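As the structure is a prediction and not an experimental result, all values here were calculated from the model. A note on names: the letters A, B, ... follow the listed sequences, proteins ahead of strands, and every chain is numbered from 1.
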Amino acid sequence: MIESMIDLLTRVVLIMEDGGSGKVVVLVDMDCFYVQVEKRLHPELKDKPCAIVQYNKWQGGSIIAVDYEARKYGVKRSLKGKEAKEKCPGIHLVQVPEKRRKADLSNYRKASGEVMKVLSGFTSVIERASIDEAFLDLTEPVKDYINSNSFDSLEFHADLKSTHVAGCNDDDDTHKDDCDLRISRGDWFKSSCSSDERVLIVAAILVQRIRETILNEVGFTCSAGISHNKMLAKLAAGMHKPNQQTILPQSQVDVVFSTTLLKKVRHLGGKLGEQVQDKLKIECVGQLQEYSLKVLQEKFGLKTGSWLYELCRGICHEKISNRIITKSIGCGKNFPGPSKLKTAKAVKYWLEQLSRELVERLEEDMTENTRQAQSITVHFLPEGQASSVARTFALPSYNTSLIVNNSWNAINKGHKPVTNEESHLTWTTGILNIHLSAGKFVQCGKGHMKSLLQLMSSDQECSFVSASSSHSSIITGKEVTQMTLCKEEREDAVLTTTPTITEQDQSLETSSMNITKFFTPIKRKGSLETQLDRNAKRREVVLEEIKGTLESDDDTIIDNQFEAVLCSECGEEVLKFVLEEHMDYHFALSLDKDSQIN
DNA sequence: AACTCGGTCACT
DNA sequence: GAGTGACCG
C-alpha cells in the first residue's frame, strides 16, 4: 500500500520533471551533409571552404549545401554559385552529378542509407525525418543502460566535451565551466541534477557513442539534440553545430524559450509562425505562455491553439514513426522562364527522362526493400498558374512508356494546343515544372520476388491506364495477392491476404540487443565500404546500364559497346555505350533551338 | 531570365 | 481516395 503510493508519487514527480513525455528523444542531424558526401569522395577538398551547386550555366548554379568554413563568409543555401564566389573567393563549388540532363541526388540518398543503417544498430525506434536527419527514441536503451550498470561502473568520466546543456549560457565563460564540469565529473548523479536531467545525461553518453560510430563506420560528423520530445530535440540540435550535441532538459525550457524566436520552432518557420507573431505581437515562444488555452484556440483554431498552448511549455505529442525508408520516391525538374517547355515534343522528352530515372530508382528500391509502388502522381505547373496541378494514375508494372503516356495524357488534357507546326505542337503557355512521384507501396510476399522481377522485366505491351481509372482494379489483380500492404497501411487494408512478416518487422531489435550494441559496438559487415568496393559497384552500375540499353546479356555485344564511333551531329568520337545519351544531348539542344525560335 | 529537388503531413 | 498546400532543408 505504502509502496504503491510512493510509486505513484514518484511517477507524478517524473511527469512534472520531463513535461509528461516520459521519453528520451534524440534528433541526429548530419552536418552539411551533401558537402560531407562530396568530401568523402574527394578527400583533397577536406579543410577547404566548400559548397554544393546544382547546375552551373546560369549564375554559377544554385547552392544547396554549404560547409561551416564557407558559412563564415556569409555563403548560404539558395545563393548562386557566382554570389558565393564573390563572398568567399577561395570557395570550392562542387556540382551535383547530372544524369539525363538533370541533377542526380542518388549519391546522397545512398549515403543517407548508410547512416540510417548504423543508427538502426542502436535502437529499434528510428524515424527518417529527411535525407540527413533522424529522430531516435532512446527511452528503452537508456533504461537498459541504467538497469544493467551499477552507477559505480558507469562512465562518470565519459568524454562529453562536445556536449552542451541548453540554457547554461555557453558563450559566457563563467557559466560554461559550470556546465562542463558538472557533466565531466559526474557530480550530476549525486546532487544538483533533477531526475530528468540525469536520464538525458545518460542519453548523452549513448549519443556520443552513436556519433563516434557514425564517424568510424561511414566517415561523417553530425550534431544531435537530446530531450523529451521531437520539438525540443530538434531545437536543441540546432544550438551547437557542427559535430556537437546539446541537452535540453525540461527544467531549462522557460529560460531557453524566453529568447527563442517563434520561427525557430519546427512548423513555425512559415506562414503560421508569421500569423502568430502578427496577431499576438510577440517574437519569442515563451511569450505564448501569457495566453490562455481559450484565447489561443479562438485565434488559431482548436487543434493549432492547443498545440501552441502546450508547445510554449515544452510539451509536444508528435509521434515518432518507426520508418527509415521513404514512403514515396519522386523526381522532378524546373523549367524556369526561357527554358519553359512550349511543345509536345519537349514535354514528352522530359517525361521520358524523368520516367527513366524514376523506374531506375524504383527497381533498385524493389531489390533493396522488397516492395512495389502502386501509383504515380504527376505534378506540373502551367505558366500563369499560381500552383501546380497533380494527377494520379495506377502503376501496374515498372514501365517507362506507361508512365510517359499517362503523364502526357494528364498534362495534355487541360492544355490545348493553338497551332500545329509539322510534327510538333506549340502551346500558348509553357510548362514550368514537372514532377513524378511514386507511392502506395506494397510489400512483396517472400518467395514471390522471382515472379515479380520477371513481371517487372518482361517486355510486355504498354497497358494504358486512364487517369480516371480506379486503382482498385490493380488491387484485385492477380499479382497483388502475392503482396501485403506496407506496414503502416495494414490497418486500413480491406484485403484478406495472408499476412506475411515484413523486412521491417524483422529488423526490429529487442531492447536487450540494443544494450549489447552500446557496450560492445558491433562492426557491421558491409557497413563500411572500401574504395575498392565502391569502384567495383560503379563498374557494375555501368555494366548494368549498358545491359539495360541493349536489353541483352551477351558479353560480346557489351565488349563492342566500348568501341568509339563518330557522331553524325558533331563529328566527335563517342563510345558506343554512351551514344544514346549523347544523341539525347543533341536532341535537347534542338529543343532549346526550337524554344528560341518560338 | 530562375530559392532546386526532393520529402512529409494536414485539410477538404 | 484525390488534389491542394504548408513546411522542412
In short, ring pair (Phe, Tyr, Trp, His ring centres under 6.0 Å) pairs touching residues 65-91 of chain A with sequence neighbours left out are none
Residues pairing under side chain to side chain donor-acceptor pair (under 3.5 Å) where one sits in residues 77-89 of chain A, two or more places apart or in two chains, turn out to be A:Ser62-A:Lys80
Contact class for A:Ile64 vs. all strands (heavy atom < 4.0 Å): base, sugar-phosphate, or nothing? base
Residues passing the side-chain contact (heavy atoms from CB on, under 4.5 Å) test with A:Asn334, sequence neighbours excluded, are A:Pro336, A:Asn433
Under a 4.0 Å heavy-atom cutoff, the residues of residues 67-93 of chain A touching DNA chain B are A:Arg77, A:Ser78, A:Lys80
Would you please say whether a donor-acceptor pair under 3.5 Å links the side chains of A:Thr370 and A:Gln443? yes
Sorted by chain and residue number, the side-chain contact (heavy atoms from CB on, under 4.5 Å) partners of A:Asn243 (sequence neighbours excluded) come out as A:Asp31, A:Arg211, A:Thr221
Classify A:Val389 by what it touches in the nucleic acid, base, sugar-phosphate, or nothing, heavy-atom distance under 4.0 Å. sugar-phosphate
Residues pairing under salt bridge (Lys or Arg N to Asp or Glu O under 4.0 Å) where one sits in residues 328-337 of chain A, two or more places apart or in two chains, turn out to be none
Residue set satisfying salt bridge (Lys or Arg N to Asp or Glu O under 4.0 Å) with A:Lys303, at least two apart, ordered chain then number -> none
Pairing string of DNA chain B (Watson-Crick or G-U wobble, both atom distances under 3.5 Å; | = paired to other strand) is ....||||||||
Considering only distance and modelled atom types, tabulate donor-acceptor pairs under 3.5 Å from the side chains of residues 229-237 of chain A, sequence neighbours left out.
from	atom 1	to	atom 2	distance (Å)
A:Asn229	OD1	A:Met231	N	3.2
A:Asn229	OD1	A:Leu232	N	2.9
A:Asn229	ND2	A:Gly314	O	2.9
A:Lys230	NZ	A:Glu127	OE1	2.9
A:Lys230	NZ	A:Glu127	OE2	3.3
A:Lys230	NZ	A:Lys319	O	2.8
A:Lys234	NZ	A:Glu133	OE2	2.5

What residues 268-287 of chain A contributes to the DNA chain C interface at heavy-atom separation below 4.0 Å is A:Leu268, A:Gly269, A:Gly270, A:Lys271, A:Leu272
Please list every donor-acceptor pair under 3.5 Å in which a side-chain atom of residues 268-286 of chain A meets a protein atom from a residue at least two apart or in another chain.
from	atom 1	to	atom 2	distance (Å)
A:Lys279	NZ	A:Lys299	O	3.2
A:Lys281	NZ	A:Asp278	O	3.3

By salt bridge (Lys or Arg N to Asp or Glu O under 4.0 Å), A:Lys264 pairs with (sequence neighbours left out) none
